[in-house]
Amino acid sequence: MDISYIINHLGEDRDEYYGAVAPPVFQTSNFCFKTVDEMRQQLKKELEIPFYTRGFNPTVAILRKKIAALEKTEDALVFSSGSAAVAAAVMNVVKSSDHVVCVAKPYSWTNNLLSKYLVKYGVTYTFVDGSSVENFDKAIQSNTRLIYLESPNSLTFEVQDIAAIAAVAKAKNITTILDNSYCSPINQNPSDYGIDMIVHSATKYLNGHSDVVAGAVCGTKERIRKIMAEEYMTIGSIISPQDAALLLRGLRTLEVRVKRSSESTKKIIQFLEQHPKVKQVYYPFSENNPQSALAKKQMTDCGGLFSIVLNAENTNQVENFCNALRYFLMAASWGGYESLIFPVCALAASKSFENPLPWNLVRCYVGLEDADVLIADLKQALDKI
Ligand SMILES: *Cc1c(COP(=O)(O)O)cnc(C)c1O
């Protein structure tokens, strides 16, 4: 199915709502029936038809179809945050006394889920350096049920050989989950490489407008059905119909946004790699990145998120650079229309991060502004170091 069809038409049953081009927001918690028998019949299919919005809502249903198709999977669920989606997917696979192998340095709250939260329920974990498949093989125990990947992973953007790791997992009947937020379905489809479940922070590229926090899990009908019957309905971290409509609107421009962000980033990386005040660039498609061949093999393009290590002598100089930027906003998150920076030196006071990262590292995200304008902004700020 082509991306244009998915984005513009898939799941939109326009005859059902007066031919409205933009689908209505079904802002309702419940749906009513005319007879007891009709209610009885419908209740049997509670999770597949409009009955109660925690289970099924028509606006959310359109979104589920589009996200599933974009990831080339049979079905998807949408959650009220990326972290809720990650937690639901992971918790659906593991039970007490199971073991998880996870790539090192995953997203901070994924790290928290494994290293702080699930240990309370007797789930153990091993973080492994994801640069070699052997590391995964070695970490697998007899009770390993899940391999969790993030390729590229947060802050330093190392990639993992997705197909090779998925093959190792399949041979041992271990489920695989990959956080594909960085690439979005436009730049990478992990299902092509045999990954069982794909999770997203839809807050980032999928929504793309910095106005909704949401998440998604994609997989086979069977797996999604199981998550729905367990974590989704029980914990209830669903997306609201309003937010689903905003996310649908965001998806209309997913392809153009991701392409623009990816293209501008290439130009900006070229500028930064030449600049004397930039010591190192962490970006998977960089010529200097030892993993660039693997990255180019499994990603059709590279996203707009990367990190730089500044040639600074102290935190003050890093702060001078950050404070001088005019177009890049200083904020958490990424994937929206606006360019952002996140300096590691701002993390010092945070208890939720135990950070081995260099103090002079600044994560950057390139939004939809003109690349030359952003380069000029970076240039004047680098001069302040
Ligand atoms: C932001 C992010 C998450 C968490 O998503 P939220 O929508 O903030 O809950 C998970 N994984 C990655 C890679 C992220 O960037």
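Remember, it's 1-based here, ligands and their atoms both numbered in the order they're listed.
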### Atoms in ligand 1 flagged as close to Thr203, the criterion being non-hydrogen separation under 4.0 Å
6 (P), 7 (O)
### Query
In terms of atom number and element, which parts of ligand 1 are under 4.0 angstrom from non-hydrogen atoms of Ala214?
7 (O)
### Task
Taking only Lys NZ, Arg NE, NH1 and NH2, and the carboxylate oxygens of Asp or Glu, determine whether Glu273 and Lys279 approach each other closer than 4.0 Å.
no
### Query
Which option, Tyr107, Tyr205, Tyr182, Trp109, owns the non-hydrogen atom nearest atom 10 (C) of ligand 1?
Tyr107
### Query
Among protein heavy atoms, which lies nearest atom 14 (C) of ligand 1, and at what distance?
Lys204 NZ, 2.9 Å
### Message
Just to confirm my output: which protein heavy-atom neighbour is closest to atom 6 (P) of ligand 1, and how far is it?
### Response
Gly82 N, 3.3 Å
### Task
Mark up the atoms of ligand 1 that fall under 4.0 Å of a heavy atom belonging to Asp179, in ascending order.
10 (C), 11 (N), 12 (C), 13 (C)
### Task
Indicate yes or no: does an N/O atom of Glu150 lie under 3.5 Å from an N/O atom of ligand 1?
no
#### Entry: Worked verdict on Glu222 versus Arg225 for salt bridge (Lys or Arg N to Asp or Glu O under 4.0 Å)
CA-CA 5 Å; Glu222 195 187 344; Arg225 176 74 199 202; over 6 Å; no
### Query
Does any N or O atom in Thr110 lie less than 3.5 angstrom from one in ligand 1, N or O only?
no
### Query
Which of the atoms in ligand 1, numbered in the order shown and given with their element, are less than 4.0 Å from a heavy-atom of Trp334?
15 (O)
### Message
Does this structure show an ion pair linking Arg64 with Asp75, if we count only N-O contacts that are shorter than 4.0 Å?
### Response
yes
### Query
Which of the atoms in ligand 1, numbered in the order shown and given with their element, are less than 4.0 Å from a heavy-atom of Ser83?
4 (C), 5 (O), 6 (P), 9 (O)
### Message
Taking atom OH as the centre, does Tyr52 end up with more than 12 heavy-atom neighbours from other residues, nucleotides or ligands that are less than 6.0 angstrom away?
### Response
no
### Message
Is the terminal nitrogen or CZ of Lys296 (NZ for Lys, CZ for Arg) located under 6.0 angstrom from the six-membered ring centre of Phe285 and within 45° of that ring's axis?
### Response
yes
### Lys65 and Glu74 ion-paired at < 4.0 Å
no
### Shortest protein contact, atom 5 (O) of ligand 1 (heavy atom only)
Ser201 OG, 3.0 Å
### Ionic contact status for Asp383 with Lys277, cut-off 4.0 Å
no
